[in-house]
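Residue indices begin at 1 and follow the sequence shown. If you're wondering where the values come from, they're calculated on a predicted model, not measured in any experiment. Hydrogens, waters and symmetry mates are skipped; everything else that's a heavy atom, side chains included, is used.
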Amino acid sequence: MENRFDKFFSGYEFEAFKLFGAHPTDKGVKFTLWAPHAYKVDVIGSFNDWTVGYPMNKVDFRGVWEVEIPDIKPIYSYRYRIYKDEYTFHEKIDPYAFCAEKRPANASVMYDLEYYKWDDNDYMSSRKFSYDNPLSIYEVHINGFKKEDGKNLNTYKHLKETLIPYVIENGFTHIELMPIFEHPFDGSWGYQSSGFFCATSRYGTPYDLMDFIDECHKKGIGVILDVVYAHFVQDAYGLVNYDFAPLYEYDEAHLMKSEWGSYYFNLNSKPVISFLMSSANFYLDKYHFDGLRFDAISHLIYHSGNRDKGENLEGLSFMKRLNFELKEKYPSVMLIAEDSSDYPNVTKEVKWGGLGFDYKWDLGWMNDTLKYYKMDHEYRKYHHNLLTFSMAYFYNEKFLLPLSHDEVVHSKGTIIDKMFGTYEEKFHLCRNLMTLMFTHPGKKLNFMGNELAVFREFDEAKDLDWFMLDYPLHDSFARFFRDLNLIYTKNKAFYANEYDWNYFRWIDADNNAQSIYSYYRQDEKECFVVVLNMMPISYEDYEIGVPYSGTYTEIMNSEKDIYSGCNMCNFTPVKAVKKEKHKLPYTLKIRIAPFAGIIFKTTVKKPRVKKVSKEDTPSTKEKTKKTTRKTKTAK
């Protein structure tokens, strides 16, 4: 007869958080723990001043311990005292705890999640996943968003009043939270976690986080969570050497430690698989997150993320199983891979041999593009392909274009600071870059501060440099970014059918002599022509081919005066003339300012179908004659 732990030990348990941890009962609180190597286990806590422990009973031969402590409520801190023998013990957090003490304290905290009443039924019932939806993500590190008068406003409660209105005003569709799993060191930004069912107490309670997500949903904003399932932090009170033997980590020394000093999860262990799958399910179920972005996927594809060490077969199997089950259970949720490898079929469905992610970060596009914009203008003609190469492989996966936190730390320079040239030229080029990003096929992600063109690298201890908006160049850049984001989200041609090659075409991908790129995006009704000038040279009568007749209206020019540009624009609609250019039937003659990023809009003209008049229709008598002649000829 199957008992309640069998699925956990077979590696197929998706709700291990209901089996293990601290859960309220009618009499008190029941504690359940997996610690197969333990000699014995006690529960200690603030409910009895951390003195005498409550002995746990072994209820399953595979190492499950349990005790119900009467007359306590889920408000206390606690730890497990795990014994190696009669005299040797250490104290550990609960791997399944829902809450923890605020650092530097680290004990687990009992918490009942069932009392929160969600108010997002309309949003959740109408939430649908589609590649044809706009997706513009604002990546956020909570502690680094906003402070005022020295007061920290970076809590789940305050973000309702600050972050949500800001995201809506600037045209973003989703917020992505960098990892909020409990973690000991602020400088790890949450990427070295200790609590995989535990939202960090730095920013408030679990109910505060639920309320923040609830408010996002009521305002139509989706929320994505960064999750880290490749490795965990090495701090002694956490998962490492949990019951005096490797339990969550590999026991082979060459597989155990990561390049970050953390420990890789042992994906050979079926209970560990259940633990991690349950963590992913937990945040989608209990917190209503709209997507998960998986960190360091290359380390699950290859051992240590190194192709030379071979494929991580256990990691690949884990991802396939997890993604398949999550999509079956939550078809409207997004699964996003941060993968620096070129492993194929990351975004193909599991049943067709893929890993089952919905999107993959296009780190190749990011690296090539930033390399190009860092380059001296004079050398760009020799590296023209850096901006065209992404479309050579784009349709192999479902790509998302990231300018993330990884690009603005560790002395790499911020996005604006990466641009070549003088202080003023950097703004011209950065506006050009953003025009490329928002018109290039692929969903979008920007780290907070990109929209302000900040020069100071990200620091988790400080908020964004909001004072930069007092300077005209930064203020106008923020306006440009907002307008560009709104153009993207409001025009179907920029986000629908973008993984279908029929809806994108290069006009001129080969003009390396002038370093000018042109292409168009379209849907069934509208066509948008994009022109990018990468040189400090202007043109009064530059000719490009276009696919349709009629007039083309300039709807965005990065050099418009309101964006602190030179205002060399196409102020009136430009009429296409019947003249073949760039293998297209019509030609536009336009003005192009130095470093300009320009978007034109026109209506798609469908081929005319000639109407057949009654006079043109052959009579029945004539049809009969023709048929007779054909028959005689055939004979």
Side-chain angles (χ1 to χ4, degrees), residues 365 368-392 394 418-422 424-441 480 484 504-521 527-548 552-560 563-577 579-602:
W365 172 86
D368 287 348
T369 299
L370 293 180
K371 181 179 179 180
Y372 184 89
Y373 279 87
K374 289 177 185 177
M375 197 176 295
D376 187 317
H377 320 314
E378 296 301 320
Y379 298 104
R380 288 180 179 163
K381 60 186 175 184
Y382 304 115
H383 302 277
H384 193 76
N385 66 307
L386 284 175
L387 293 193
T388 60
F389 181 60
S390 58
M391 289 309 301
F394 179 79
K418 286 177 168 66
M419 303 296 103
F420 177 81
T422 65
E424 289 78 12
E425 282 180 331
K426 288 179 182 293
F427 285 88
H428 294 293
L429 280 172
C430 202
R431 292 195 298 269
N432 184 298
L433 164 63
M434 290 301 171
T435 307
L436 168 65
M437 180 187 196
F438 279 97
T439 59
H440 189 290
F480 168 77
L484 193 57
F504 169 91
R505 176 172 169 176
W506 287 107
I507 294 173
D508 188 1
D510 303 317
N511 188 358
N512 66 312
Q514 294 172 297
S515 295
I516 293 178
Y517 300 81
S518 53
Y519 50 89
Y520 67 86
R521 304 283 303 275
C527 175
F528 295 85
V529 172
V530 180
V531 182
L532 302 168
N533 180 14
M534 302 300 176
M535 297 294 285
I537 300 170
S538 63
Y539 302 88
E540 278 292 342
D541 295 305
Y542 188 87
E543 291 188 348
I544 61 168
V546 289
Y548 302 110
Y552 288 71
T553 303
E554 184 181 271
I555 63 167
M556 170 56 75
N557 193 315
S558 65
E559 287 302 307
K560 203 169 184 178
Y563 307 133
S564 296
C566 67
N567 213 35
M568 182 181 177
C569 304
N570 297 274
F571 295 105
T572 58
V574 183
K575 187 172 178 58
V577 299
K579 174 185 173 184
E580 185 173 325
K581 183 79 174 178
H582 300 132
K583 298 182 180 180
L584 293 169
Y586 300 94
T587 299
L588 279 190
K589 193 175 288 188
I590 60 175
R591 305 177 81 206
I592 305 179
F595 301 125
I598 310 171
I599 306 173
F600 293 94
K601 176 181 178 180
T602 192

Report yes or no: does Ser518 contribute a side-chain atom to a donor-acceptor pair with the main-chain N or O of Asp508 at less than 3.5 Å?
yes
Report yes or no: does Glu559 contribute a side-chain atom to a donor-acceptor pair with the main-chain N or O of Cys566 at less than 3.5 Å?
yes
Regarding Tyr372 and His384, do their side chains bring together a donor and an acceptor under 3.5 Å, going by distance alone?
no
In this structure, are over 12 heavy atoms from other groups packed under 6.0 Å from Lys426 atom NZ?
yes
Is there a donor-acceptor contact under 3.5 Å from the side chain of Ser558 to the main chain of Gly597?
yes
Closest non-hydrogen atom pair, His428 against Glu424
CD2-O, 3.2 Å
Side-chain heavy-atom pair Tyr542, Gln514 within 4.5 angstrom cut-off
yes
Check: Asp541 main-chain N/O paired with Arg591 side-chain donor or acceptor under 3.5 Å
no
With heavy-atom distances below 4.5 Å as the criterion, would you say the side chains of Val531 and Ile592 are in contact?
yes
Heavy-atom closest contact (Arg505 atom, Lys583 atom, distance):
NH2-O, 3.4 Å
Heavy atoms of Phe394 and Pro441 approach each other most closely as CE1-O, 3.2 Å
Given salt bridge (Lys or Arg N to Asp or Glu O under 4.0 Å), test Lys589 with Glu540 step by step and report yes or no.
CA-CA 8 Å; Lys589 193 175 288 188; Glu540 278 292 342; over 6 Å; no
Nearest non-hydrogen partners of Leu484 and Met556, listed with the distance:
N-CE, 4.1 Å
Quick one: sort the Phe504 and Trp506 rings into parallel, tilted or perpendicular, breaks at 30° and 60°.
perpendicular
Using every non-hydrogen atom in the two residues, find where Tyr519 and Thr435 come nearest and quote the distance to one decimal.
OH-O, 4.5 Å
Can you see whether Tyr373 engages Asn432 through a side-chain donor-acceptor pair at a distance of less than 3.5 angstrom?
yes
Less than 6.0 Å separating the ring centroids of Phe528 and Phe600?
no
SB check Glu554 Lys601 (cutoff 4.0 Å)
no
Polar side chain donor-acceptor pair, Arg380 to His383, under 3.5 angstrom
no
Inter-residue atom distance Asn557.CG - Arg431.CZ, 0.5 Å rounding
9.5 Å
Is the CG atom of Asn567 crowded by more than 12 outside heavy atoms at less than 6.0 Å?
yes
Contact between Thr369 and Leu436 at the side-chain level, heavy atoms closer than 4.5 Å - yes or no?
yes
Shortest non-hydrogen contact from Asn533 to Ala593?
ND2-O, 3.0 Å
Which of Met535, Glu378, His377 passes side-chain contact (heavy atoms from CB on, under 4.5 Å) with Ser515? It is Met535
When you check the side-chain N and O atoms of His440 and Ser390, is any donor under 3.5 Å from an acceptor?
yes
Crowded around Tyr382 OH? As in, over 12 foreign heavy atoms under 6.0 Å?
no
